[in-house]
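When a ligand or atom number is given, it counts from 1 through the structure's own listing order. Model, not experiment: these values are computed from the prediction. Computed from heavy atoms alone, side chains included, the values below leave out hydrogens, waters and symmetry copies.
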Amino acid sequence: MTRELNVLGACPLDCPDTCSWVVTVRDGEAVGLRGNPGQPYTRGALCVKVNRYVEHTKAPDRILYPMRRVGPKGAGRFERITWDEALDEIAERLTAITGEFGGEAIWPYQGTGTLGYIQGETGQAGRRLWNALGASFHDLNICSRAGNTGLRLTNGSPGGMDPETFAQSRLILLWGTNTLTSGHHLWKFIQRARTDGAHVVAIDPIRTRTADQADEHLAIRPGTDAALALALLHVVLDEGAQDEEYLERHTHGWGDFEQEIRKYPPKVAAEITGIPEKDIRALGVRLAHTRPTGIRATMGLQRHRGGGTALRTIAAIPGVTGDWRHPGGGVAYSTSGHVPIQADTRLDLLPDGPVRSLTMTRLAEGLEDTADPVKCLWVYAANPMGSTSDQNRVRRGLLREDLFTVVMEQFPTDTVDYADIVLPATMQFEHADLHAGYGHMYLMWNEPAVPPPGECLSTTETFRRVARRLGLTDPSLYDSDLEIARQLLSGGHPSLAGITVERLRAEGWVRLSVPDPFVPFTDGFPTASGRLEFPGPGQAYVEPFTARAAGPYKLALITPASHTFLNTIFGNNPELARRAGGPKIAVNEKDAADRGLHDGQRVRVFNDNGELAAELEISDRVAPGVVMTPKGHWPKLSPGGTNANALVDERDADMGRGAVYHDNLVEIAPLPDPAKDEGATAPA
Ligand SMILES: Nc1nc2c(c(=O)[nH]1)N[C@H]1C(S)=C(S)[C@@H](COP(=O)(O)OP(=O)(O)OC[C@H]3O[C@@H](n4cnc5c(=O)[nH]c(N)nc54)[C@H](O)[C@@H]3O)O[C@H]1N2
Ligand SMILES: Nc1nc2c(c(=O)[nH]1)N[C@H]1C(S)=C(S)[C@@H](COP(=O)(O)OP(=O)(O)OC[C@H]3O[C@@H](n4cnc5c(=O)[nH]c(N)nc54)[C@H](O)[C@@H]3O)O[C@H]1N2
Ligand code: SF4
Ligand SMILES: [Mo]
């Protein structure tokens with residue numbers, strides 16, 4: 001007799017939508033996955049990637065057992081060992097390293113493979129153990145930090161609009177965001193607004209699939225968005241449409257900011273942004289007279305030298321128009337600022353004295369430090385060989401013979417190839433977790449649906465076992481997943497009223513206890529002044545790195561989200577990799593012609609950091625001077641053995657040391673065509 005049951009869970013991936021899902025389990029095996037139709041934001045649909053998640057959990061290359069390196073670093077040759085052997089070796093190496101170099105010689109390099117509060121990034125899983133060992137802090141700033149920091153300066157919080165309220169917007173600016181690829185559930189709210197007459201504008205250097213569906217697309221020069229924001233406000237002032245009462249009662253620093261705006265009339269901004277003056281003026285007039293205007297700005301916009309400032313200045317727009325008064329007005333970047341959950345990482349377990357912080361976006365630099373060396377790199381839910389800047393330097397760092405590298409993984413990534421010890425990790429069907437969306441206002445529960453395959457262990461269980469092997473005694477290191485969940489929900493914040501683990505487990509998802517519609521900042525802004533704080537003199541625009549293209553590299557490179565991968569996750573899924581079709585570089589016809597390149601040609605994209613082998617795609621989706629190749633390909637599965645991050649500088653954005661993935665210069669040259677080379681020797 002077959003036994004079938006449905007288990008409620010949530011998608012753990014770094015995507016704003018955090019879908020609610022239903023796993024069909026037959027005789028203890030996951031056989032189906034669908035979106036939960038009852039969840040108001042995600043409403044049943046998953047996405048092209050996660051539709052393949054069941055098959056992904058059973059993929060033949062899944063890591064199922066602990067392994068020890070047997071070949072040289074980087075070769076990816078391992079032998080299977082037992083958990084006991086793995087834990088013994090780990091305990092021995094960590095004890096030796098902390099004894100000789102101190103706890104700070106350990107870099108716990110956590111990534112965004114799962115965003116869970118129990119198993120993943122938002123809860124800083126593992127940090128209690130690291131605190132007990134005095135390990136370096138890991139600043140997980142790779143994704144959204146520059147923008148978060150900019151928004152905090154203006155609003156006091158990165159949290160903004162409830163994305164569901166876009167249904168009430170009358171003008172929607174999709175600003176540096178590719179909704180239909182990187183968080184598509186927002187689209188139904190946008191469509192609802194459109195049936196009520198809303199106008200939708202995509203502001204993006206690339207004509208993305210989202211831009212195709214918008215009413216208007218402004219192909220802005222990369223990294224110049226703050227100048228556009230200032231010019232739009234210039235037109236609002238020209239129209240006399242500023243909300244004087246809002247400015248008076250709810251903002252701080254208007255006088256100075258007004259002077260900044262005056263420096264950017266549409267004509268000046270047109271020169272900076274490359275957008276025709278008449279288009280800037282037309283959008284400015286629309287903005288002046290359309291309430292509510294909702295701005296969806298996401299992370300793409302801040303992967304630039306001036307990325308923090310871009311969000312800071314864009315966030316000033318609703319301060320001038322008064323849009324925060326209305327549902328459907330304001331800026332939506334991430335809702336994470338509204339989720340009042342703070343993991344207790346037990347800072348009291350730290351040894352006395354300050355502990356250094358290492359920066360995720362500066363991995364190569366961190367591994368090069370010889371004065372205060374990193375001796376153990378412990379990678380979990382991260383794939384730095386695929387996702388971190390300056391890949392060739394990261395590779396050199398990982399090759400260091402004196403570096404003890406542990407990688408907790410589900411799949412044999414490029415990073416795994418450099419591990420000394422590999423620990424097999426569970427996937428979302430196999431462990432419990434608590435999640436919050438960063439693009440909606442719900443908490444989600446993920447109930448384990450099936451037992452882990454092979455000897456895979458969850459993050460929490462792995463760290464419990466490491467702690468035990470190290471002989472650590474603090475009881476909090478051994479809290480169960482459900483105990484951790486209860487602690488996370490126990491903060492007593494009004495937005496968590498009535499939300500318990502039991503309720504989440506029964507219902508799968510619960511909306512935060514906030515009004516519906518939720519309109520933030522109605523009681524003031526969480527800034528020092530209690531008001532929206534405008535950028536001060538000279539603080540409203542920082543030009544991009546690419547604006548100063550003086551050297552040999554002339555093309556501004558953007559490396560955005562791939563439709564078929566989630567960062568590097570799914571890069572090894574045969575069907576999704578097939579659809580992605582290998583690394584491609586989109587180039588405007590003019591730039592191709594200037595370099596004598598033709599469509600479909602094999603090329604090398606290069607700069608001083610390294611190179612990427614790709615197929616050239618002549619495309620009017622990019623303007624002259626801009627080229628695009630998506631993130632996410634696995635280097636070792638790509639023809640040249642690298643991905644786009646071989647081209648990305650290890651350089652900071654203006655705020656939070658954010659990465660600059662979309663702000664680099666490259667050149668393109670032909671690669672020899674193997675087919676033609678063979679053809680030369682083939683019989684005629
Ligand atoms: N399918 C898929 N979905 C994903 C991801 C994925 O890899 N694949 N990644 C997830 C993660 S980790 C994150 S953080 C989010 C990111 O989600 P997004 O913010 O959507 O990320 P990006 O694709 O980097 O950038 C969005 C758009 O910004 C544009 N852009 C780049 N530079 C500029 C600029 O200077 N100005 C303007 N106006 N636009 C610019 C890019 O061309 C791109 O179309 O998506 C998540 N969702
Ligand atoms: N060129 C370029 N590069 C980028 C970006 C860009 O726009 N352009 N975007 C950046 C952004 S926004 C982000 S967030 C980063 C992400 O960078 P990373 O945090 O390194 O994320 P991923 O590359 O997705 O690698 C996550 C790994 O975690 C593993 N994993 C998933 N779940 C679990 C789990 O539960 N336990 C364990 N142990 N492992 C798990 C997956 O198999 C995967 O190999 O990439 C950045 N890299
Ligand atoms: S990646 Fe995003 S859209 Fe896809 S299932 Fe996960 S949360 Fe939903
Ligand atoms: Mo991200």
Side-chain angles (χ1 to χ4, degrees), residues 10-21 33 35 39 41-42 45-51 53 56 62-63 109-116 118-121 125-126 140-145 181-186 298-300 302-303 334 360-361 363 379-389 391 407-416 422-428 430-431 433 435 437-440 444 456-460 462 557-562 565-572 612 629-634 643-648 658-662 664:
C11 176
L13 302 181
D14 186 351
C15 166
D17 295 0
T18 313
C19 284
S20 176
W21 73 27
L33 177 69
Q39 209 275 5
Y41 191 77
T42 56
L46 296 173
C47 65
V48 67
K49 312 171 290 296
V50 173
N51 284 337
Y53 198 78
H56 206 44
R62 179 97 192 255
I63 295 173
Y109 194 94
Q110 182 177 23
T112 64
T114 162
L115 296 188
I118 299 174
Q119 309 292 348
E121 182 260 343
L140 208 161
N141 61 347
I142 202 164
C143 175
S144 57
R145 178 70 59 73
T181 283
S182 48
H184 71 89
H185 293 87
L186 179 65
T298 54
M299 291 79 210
Q302 45 101 63
R303 310 203 196 289
S334 163
M360 187 168 185
T361 52
L363 177 59
V379 180
Y380 55 123
N383 183 11
M385 268 303 300
S387 285
T388 307
S389 311
Q391 195 159 83
V407 180
M408 292 159 65
E409 250 300 349
Q410 301 160 342
F411 292 99
T413 62
D414 288 80
T415 306
V416 164
V422 182
L423 300 176
T426 46
M427 293 180 74
Q428 189 77 345
E430 305 144 17
H431 56 230
D433 215 339
H435 290 265
Y438 65 90
H440 61 59
M444 324 284 294
C456 294
L457 292 182
S458 66
T459 313
T460 46
T462 302
L557 172 70
I558 292 181
T559 62
S562 152
F565 306 139
L566 195 299
N567 294 322
T568 63
I569 296 173
F570 301 115
N572 57 329
L612 169 76
T629 187
K631 64 176 170 178
H633 287 283
W634 283 26
N643 73 11
N645 285 325
L647 303 165
V648 172
V660 291
Y661 292 113
H662 302 337
N664 294 278

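With atom 47 (N) of ligand 2 as the reference point, the heavy atom nearest to it among Gly386, Ser387, Gly300 is part of Ser387. Of the candidates His56, Gln428, Gln410, the one placing a heavy atom closest to atom 33 (C) of ligand 2 is Gln410. Nearest residue to atom 5 (C) of ligand 2 from Lys631, Met385, Gln302 is Lys631 (criterion: closest heavy atom). Residue Ala381 holds the heavy atom nearest to atom 26 (C) of ligand 2 of all those in Gly658, Ala561, Ser144, Ala381. Nearest to atom 14 (S) of ligand 2 by heavy atom, out of Thr361, Leu647, Asp14, is Asp14.
Nearest heavy atoms, Arg303 versus Cys143: NH1-O, 2.8 Å.
Between Tyr380 and ligand 2, no pair of N/O atoms sits closer than 3.5 Å. The shortest N/O to N/O separation between Asn383 and ligand 2 falls below 3.5 Å. Considering backbone and side-chain N/O atoms, Thr413 never comes within less than 3.5 Å of an N/O atom of ligand 2. Residue His431 places no N or O, backbone or side chain, under 3.5 Å from any N or O of ligand 2. The distance criterion of under 3.5 Å between nitrogen or oxygen atoms is not met by Thr388 with respect to ligand 2.
Scanning all protein heavy atoms for the shortest distance to atom 4 (Fe) of ligand 3 gives Cys47 SG, 2.3 Å. Ranking the protein heavy atoms by distance from atom 21 (O) of ligand 2 puts Thr112 OG1, 3.8 Å first. Closest to atom 41 (C) of ligand 2, if we only count protein heavy atoms, is Glu409 OE2, 3.5 Å. From the protein, the heavy atom lying nearest to atom 2 (C) of ligand 2 is Tyr661 CD2, 3.2 Å. Cys15 SG, 2.3 Å is the protein heavy atom nearest to atom 2 (Fe) of ligand 3. In this structure, atom 6 (Fe) of ligand 3 lies nearest to the protein heavy atom Cys11 SG, 2.3 Å.
A donor-acceptor contact closer than 3.5 angstrom links the side chains of Asp14 and Tyr438. Between the side chains of His435 and Thr18, no donor-acceptor pair of N or O atoms lies under 3.5 Å. With 3.5 Å as the limit, one finds a donor-acceptor pair spanning the side chains of Asn383 and Thr568.
Under a 4.0 angstrom heavy-atom cut-off, Met427 registers as lying outside contact with ligand 2. Under the 4.0 angstrom criterion for non-hydrogen atoms, Met299 is not in contact with ligand 2. Note on ligand 2: Gln119 sits outside its first shell, no heavy atom being nearer than 4.0 Å. In this structure, Leu566 counts as a contact residue of ligand 2, since one of its heavy atoms falls inside 4.0 Å of the ligand.
Per-residue contacts place Thr18 under 4.0 angstrom from the following atoms of ligand 3 (heavy atoms of the residue considered): 7 (S). Taking a cut-off of under 4.0 Å to the non-hydrogen atoms of Gly111, the atoms of ligand 2 that pass are 19 (O). Proximity to Thr559 (heavy-atom distance under 4.0 Å) selects the following atoms of ligand 2: 1 (N), 2 (C), 6 (C), 7 (O), 8 (N). Residue contact check: Val50 has heavy atoms under 4.0 Å from atoms 1 (S), 4 (Fe), 5 (S), 6 (Fe) of ligand 3.
Val379 pairs with exactly one of Thr415, Leu363, Val422 by the side chain to side chain contact (heavy atoms under 4.5 Å, CB included) rule, that one being Thr415. Under the side chain to side chain donor-acceptor pair (under 3.5 Å) rule, Gln119 has a single partner from Thr462, Thr460, Asp433, which is Thr460.
Note on ring orientation: taking the six-membered ring where Trp is involved, the planes of Tyr41 and His185 are tilted (angle from 30° to 60°).
At a 4.0 Å heavy-atom cut-off, ligand 2 touches Ala382 through backbone and side chain alike. Neither the backbone nor the side chain of Thr42 has any atom closer than 4.0 Å to an atom of ligand 3 (non-hydrogen atoms only). Both the backbone and the side chain of Met408 come within 4.0 Å of ligand 2, judged by heavy-atom distances.
Atom 8 (Fe) of ligand 3 has Cys19 among its coordinating residues (N/O/S atom, backbone or side chain, under 2.8 Å).
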